[in-house]
2 protein chains.
Amino acid sequence: MTQSPAEMRVALMAVGKRVTPDRELLIDIIGRNPHIDALGIHRLAQDSRPRIGLATVYRTLRLLEELAVVEADRLGEGHSHYEIRGRDHLHLVCANCGEVLDVPSPIDWKGIAREHAFVVTQSRLELVGLCAACRPGVADHSKSIT
Amino acid sequence: MTQSPAEMRVALMAVGKRVTPDRELLIDIIGRNPHIDALGIHRLAQDSRPRIGLATVYRTLRLLEELAVVEADRLGEGHSHYEIRGRDHLHLVCANCGEVLDVPSPIDWKGIAREHAFVVTQSRLELVGLCAACRPGVADHSKSIT
DNA sequence: CTCCGAATGAGAATGATTATCATTATCAAA
DNA sequence: TTTGATAATGATAATCATTCTCATTCGGAG
Ligand SMILES: [Zn+2]
Ligand SMILES: [Zn+2]
Ligand SMILES: [Zn+2]
Ligand SMILES: [Zn+2]
């Protein structure tokens, strides 16, 4: 359940997919930028490969999700953010500035799964609120709530 | 942080919004059908008020979300599902049949919040996996994964 | 009853994501 | 290396959920 940019190569080959330059670049970008979104990935990718299309970004993201190499989270916004699948953790999402804190997961989902005869394959946990910098009384950071 | 179809009336009036027949009907439907989606709500609403528009459903959902009367969850799918805000709980979402189990939340987010100087206003917790009926080796239920 | 702002319905617009299709890249066999 | 089969890609159209617009209707204060 843990992946690294290098292990992706194995995951791809395991299902007969090619390890292309595009795919190596994209997984590398995601690895270096936790919680980045599709457009952000595309923008960064174009620095190295100007002709890469947005469709390839989405296609690759979906493929890597299916291979359980990356995972998507909505993080309170209307689109997805991606990160390499790693240690189980939850997200503290600031509703004001968008800051996302990764916190070790306090959930014993093995126990919960056992208790409910449920096979857990994925956990999405997020707490939305205000980060220290955005506490009431502090000047706006960026994406203020209307 | 807990609401009932009746309390909505108070919440609406508190911010100068009207308690219309549409709104009463919609909140009632959501109350009776946990984890229902916008189209489902619209379909049921039309039984009582054939002329109600989908826009009204979405407008009302957004309003009730802002008033913290209902909350939305993605539940693994590409659209939102709604339920009345009640006891803090997490969702066990079956990736195969779509079944959603509500489980009391095992998360001490007060402690987490304190620890990270974070003011938590909302928690979205879900575990995706396979329910008892969909365990490997069991015949398909409905929405099988491709 | 009359007036005005709130609420609604119908449909256009938007934004994210996916599908299509013609073209290009890859890799193995000849 | 050339060829041929197949996977991957780019450009763009299509989809899907949700939001917006605006003309019309509704509801309640006066
Ligand atoms: Zn903040
Ligand atoms: Zn994270
Ligand atoms: Zn199931
Ligand atoms: Zn629930």
Side-chain angles (χ1 to χ4, degrees), chain A residues 8-9 11-27 29-30 35-43 45-46 48-67 69-82 143 145-146, chain B residues 8-9 11-27 29-30 35-43 45-67 69-82 98 143 145-146:
Chain A
M8 167 209 61
R9 174 181 295 272
L12 284 175
M13 298 179 77
V15 292
K17 298 294 183 179
R18 293 177 183 165
V19 179
T20 67
D22 278 3
R23 288 172 179 169
E24 291 195 303
L25 171 60
L26 294 178
I27 191 72
I29 288 174
I30 299 167
H35 314 123
I36 192 173
D37 59 27
L39 287 180
I41 293 169
H42 186 226
R43 218 175 299 121
Q46 287 182 308
S48 319
R49 323 196 100 228
R51 301 192 47 70
I52 194 172
L54 183 55
T56 295
V57 172
Y58 276 111
R59 267 190 299 245
T60 304
L61 285 171
R62 191 145 54 112
L63 173 59
L64 294 177
E65 270 195 276
E66 285 163 2
L67 296 180
V69 171
V70 307
E71 67 182 306
D73 283 287
R74 201 120 306 224
L75 300 183
E77 294 181 62
H79 59 274
S80 296
H81 293 247
Y82 304 83
K143 318 173 192 166
I145 284 178
T146 49
Chain B
M8 169 208 62
R9 174 181 293 272
L12 283 175
M13 298 179 78
V15 292
K17 299 292 181 180
R18 292 179 184 162
V19 180
T20 67
D22 278 2
R23 288 171 178 168
E24 291 195 304
L25 171 62
L26 294 178
I27 191 72
I29 288 174
I30 299 168
H35 314 123
I36 192 173
D37 60 27
L39 288 180
I41 293 170
H42 186 226
R43 218 174 300 121
Q46 286 182 309
D47 290 344
S48 320
R49 323 197 100 228
R51 304 191 45 69
I52 194 171
L54 182 55
T56 295
V57 172
Y58 276 111
R59 268 190 297 245
T60 304
L61 286 171
R62 190 143 55 108
L63 173 60
L64 294 177
E65 270 195 276
E66 286 162 2
L67 296 180
V69 171
V70 308
E71 67 182 305
D73 282 286
R74 200 120 308 223
L75 300 184
E77 293 181 62
H79 58 275
S80 296
H81 293 247
Y82 304 82
K143 316 172 191 165
I145 285 180
T146 49

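A, B, ... follow the sequence lines: proteins, then strands. Residue 1 opens every chain.
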In B:I52, B:L64, B:L61, the residue satisfying side-chain contact (heavy atoms from CB on, under 4.5 Å) with B:L26 is B:I52
Atom NE2 of B:H81 and atom P of D:dA17 are separated, to the nearest Å, by 10 Å
Whole-Å distance, A:R62 CZ to D:dA8 P, equals 13 Å
Here the residues of residues 14-21 of chain B within 4.0 Å heavy-atom distance, strictly under, of DNA chain C are B:K17, B:R18, B:T20
Of all heavy-atom pairs linking A:V69 and A:A11, the shortest is CG2-CB, 3.9 Å
A:R23 CZ to C:dT26 P, in whole Å, measures 12 Å
Hits for salt bridge (charged side-chain N to carboxylate O under 4.0 Å, His left out) against B:R43, two or more places apart or cross-chain, chain-then-number order -> none
Between NE2 of A:H79 and P of C:dT17 the distance, given in whole Å, is 7 Å
Here the distance between atom P of C:dT17 and atom NE2 of A:H42, to the nearest Å, is 14 Å
In whole angstroms, the gap separating P of C:dT18 from CG of A:L54 amounts to 11 Å
All N/O contacts under 3.5 Å from nucleotides 10-14 of chain C to the protein, with atom names and distances to one decimal?
none

DNA chain D nearest-nucleotide lookup for B:A38 and A:L63: closer to the 5′ end is A:L63
Can you find a side chain N or O atom of B:T56 that sits less than 4.0 Å from OP1 or OP2 on C:dT8? no
- prompt: Between B:T20 and B:L12, is any pair of side-chain heavy atoms under 4.5 Å apart?
  reply: no
All heavy atoms of B:Y82 vs all of B:A72, minimum pair found to be CE2-CB, 3.6 Å
Sequence neighbours excluded, the answer for side-chain hydrogen bond (donor to acceptor under 3.5 Å, both in side chains) partners of B:S80 is B:R74
B:G53 and B:H42 have their tightest heavy-atom pair at C-NE2, 3.6 Å
Here the salt bridge (charged side-chain N to carboxylate O under 4.0 Å, His left out) pairs for residues 55-65 of chain A, sequence neighbours left out, are none
Between OH of B:Y58 and C1' of C:dA7 the distance, given in whole Å, is 19 Å
Residues passing the side-chain hydrogen bond (donor to acceptor under 3.5 Å, both in side chains) test with B:D73, sequence neighbours excluded, are none
Rounded to whole Å, CG of B:D22 lies from P of D:dT24 at a distance of 20 Å
